[in-house]
Amino acid sequence: MGSEQENSPVIDTTGMSINQIGIVVRDAARTARRYSEIFGVGPWVFLDVEPTGGILHDEPLKEEYGVRLALANLGKIQIELLQPLYGPSTHMEFLETHGEGVHHVSLGQVEQHDEIVAAAAGAGIGIEMQSVLGGALTYTYLATQQQLGMILELGKPVPDGTKVDLEPWGSYTPERPGRIDLACKEIVQLGVVVGDAEAMAKRYWELLGIGPWVLIDFQPPHVAEGRLHGVRMRDEGEFHIRGAMANLGEMQFELLEPAAGPSSHREFLKTHGDGIHHLSFGVAEDHDEMLEGFEAAGVEVEMTGRLGGAVNFTYVASQGDLGTILEFVKPIPGAENTLVPYGTYPPAES
């Protein structure tokens, strides 16, 4: 192997997994109810927290801040809605700069918390924010936005016998099934829009050891029948997305660089910058029924298209209702995929 492959990553994520996705929203209660209405997600637990011992951008916080949390499980992944209430915080900054959206992904509580924070600092990655919840639970957001296109969170395990003083102020349980059946469905992919997919894949490899990455060009004739905001796109247009894909446990990271032509990804990059563009359920055999459920819930389609002649992808414009775009994919029976990777990172041995 080449020397790049032999080097150890800054943070060894072997055996770790994404177990929570944090979404900053303007109104946690309203957004939670929409998740329940559309997907039947719940029960939701609500907490208003005023963390202590705060650090923001590597500097001690001198002011109090408050955040409303709404927590529920969507399959194996916990959804954490974060509504900044007052005071300075990374959540307030995110909302003011980007609006609603996916703020972080979490590795949960990890025994190596302190070692990881120190290793990140040694690599020039500081603390985006760190605080203590309930007098005992330390969480840390690493300032990985520029390096990875997202914030990475990890918690410090609470010692046995230590009481965490967190009391929910309310809960919400759906009164009826959702419009869309989530049975056997999981979030399987994080779609991250970036300015340079190959450079970002290299950073994921160096920092987290995630890889190898499969590199693919999404462009005509292997991308066709596209629609953007309901408008048919020309198949012979200049559409081009550079993609890179790799897994951390069961979760796939898809890095998407909008190289040419109009797309949901290009709009996101121009208005938001690097960041998590969508959460994907992957292949959904009931794709059409899901689409009908979103339509009945008043959620329009953001973008659709056909990839490699073998699958149709659909992004739904759920960011105003659920805080993020969602994707689901419909396979075309018997079709052979014409998309072929052009390489890997690290490069395969010759």
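Within the 6.0 Å centre-distance limit, the rings of F253 and Y204 are counted as a close aromatic pair. Ring centers of H103 and Y141: under 6.0 Å apart, within the cut-off.
Residue K330 forms a side-chain hydrogen bond (donor to acceptor under 3.5 Å, both in side chains) with just one option from D288, T314, T304, and that option is D288.
A salt bridge links R179 with E37: the closest approach of a Lys/Arg side-chain nitrogen to an acidic carboxylate oxygen falls below 4.0 angstrom. Between R33 and D321 no salt bridge is recorded (no basic side-chain N to carboxylate O distance below 4.0 Å). Between K76 and E250 there is a salt bridge, with a side-chain nitrogen of the basic residue lying less than 4.0 Å from a carboxylate oxygen of the acidic one. A salt bridge is defined here as a Lys NZ or Arg NE, NH1 or NH2 lying under 4.0 Å from an Asp or Glu carboxylate O, and E225 with R306 meets this definition.
Classified by interplanar angle (parallel below 30°, tilted 30° to 60°, perpendicular above 60°), the ring pair F268/H277 is perpendicular. In this structure, F294 and F39 have perpendicular ring planes: the angle between them is above 60°, well past the 30° mark. Using cut-offs of 30° and 60° for the angle between ring planes, the Y315 and H278 rings count as tilted.
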task: Any chance you could lay out the side-chain contact (heavy atoms from CB on, under 4.5 Å) test for L255 and E198, step after step, and finish with the verdict?
output: CA-CA 8 Å; L255 308 179; E198 285 195 40; over 6 Å; no
- request: Would you sort out whether L82 and I23 count as a side-chain contact (heavy atoms from CB on, under 4.5 Å), showing the intermediate values?
  value: CA-CA 6 Å; L82 303 118; I23 305 174; 5.8 Å; no
- request: Apply the test side-chain contact (heavy atoms from CB on, under 4.5 Å) to residues I241 and S263: give CA-CA distance (whole Å), side-chain angles for both, the deciding distance (0.1 Å), then the verdict.
  value: CA-CA 9 Å; I241 302 289; S263 66; 3.9 Å; yes
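Under a hydrophobic-cluster definition in which Ile, Leu, Val, Met, Phe, Trp and Tyr are linked whenever side-chain heavy atoms come within less than 4.5 Å, directly or via other members, V316 and V188 are assigned to different clusters. In the hydrophobic clustering of this structure, L85 does not group with L95; members are Ile, Leu, Val, Met, Phe, Trp, Tyr whose side-chain heavy atoms approach within less than 4.5 Å, directly or through other members. Hydrophobic clustering (ILVMFWY, side-chain heavy atoms < 4.5 Å, transitive): L154 and I79 are in one cluster.
For the residue pair W44 / S36, a side-chain donor-acceptor distance below 3.5 Å is found, with atom types taken as modelled. For the 3.5 Å distance criterion, the side chains of Y86 and E63 fail to qualify, holding no donor opposite an acceptor. Between the side chains of E128 and T90, a donor-acceptor pair is found at a separation under 3.5 Å. A donor atom on one side chain and an acceptor atom on the other are found under 3.5 Å apart for T14 and D12. Side-chain contact check for E257 and H240: no donor-acceptor pair (N or O, by modelled atom type) lies under 3.5 Å. Side-chain contact of T140 with H113: a donor-acceptor pair under 3.5 Å is present, judged by distance alone. S106 and Y139 form no side-chain donor-acceptor contact under 3.5 Å, judged by distance and modelled atom types alone.
Side chain of D181 to backbone of A183: a donor-acceptor contact under 3.5 angstrom is found. For N19 (side chain) and I77 (main-chain N/O), no donor-acceptor pair under 3.5 Å exists by modelled atom type. Counting only distance, with no hydrogens or angles, the side chain of T144 and the backbone of M150 share a donor-acceptor pair below 3.5 Å. Remark: side-chain polar atoms of E100 are paired, donor with acceptor, to backbone N or O of R26 under 3.5 angstrom. Between the T162 side chain and the P159 main chain, a donor and an acceptor come within less than 3.5 Å of each other. Checked by atom type and distance alone, the side chain of Y172 never pairs as donor or acceptor with a backbone atom of G42 at under 3.5 Å. Looking at D286, its side chain never comes within 3.5 Å of a backbone N or O of E289 through a donor-acceptor pair. At distances below 3.5 Å, not a single donor-acceptor pair connects side-chain atoms of D48 with backbone N or O atoms of L69.
The two residues L190 and V105 make their nearest non-hydrogen contact at CD1-CG1, 3.7 Å. Nearest heavy atoms, P331 versus V283: CD-CG1, 3.7 Å. Here the closest heavy-atom approach between residue V67 and residue H91 is recorded as CG2-ND1, 3.7 Å. Summarising the geometry of S131 relative to P51, their closest heavy-atom pair is CB-CB, 3.4 Å, with the distance given to 0.1 Å. Here the closest heavy-atom approach between residue L269 and residue G195 is recorded as CD1-N, 4.2 Å. The shortest heavy-atom contact between H265 and V193 is O-CG1, 3.7 Å.
Atom CD of Q146 is surrounded by 12 or fewer heavy atoms from other residues, nucleotides or ligands within 6.0 Å. At most 12 heavy atoms of other shown residues, nucleotides or ligands fall within 6.0 angstrom of atom CZ in R176. By the neighbour-count criterion of 12 heavy atoms within 6.0 Å, atom CD of E300 is sparsely surrounded, having that number or fewer from other residues, nucleotides or ligands. Around NZ of K156, the count of heavy atoms belonging to other residues, nucleotides or ligands within 6.0 Å does not exceed 12.
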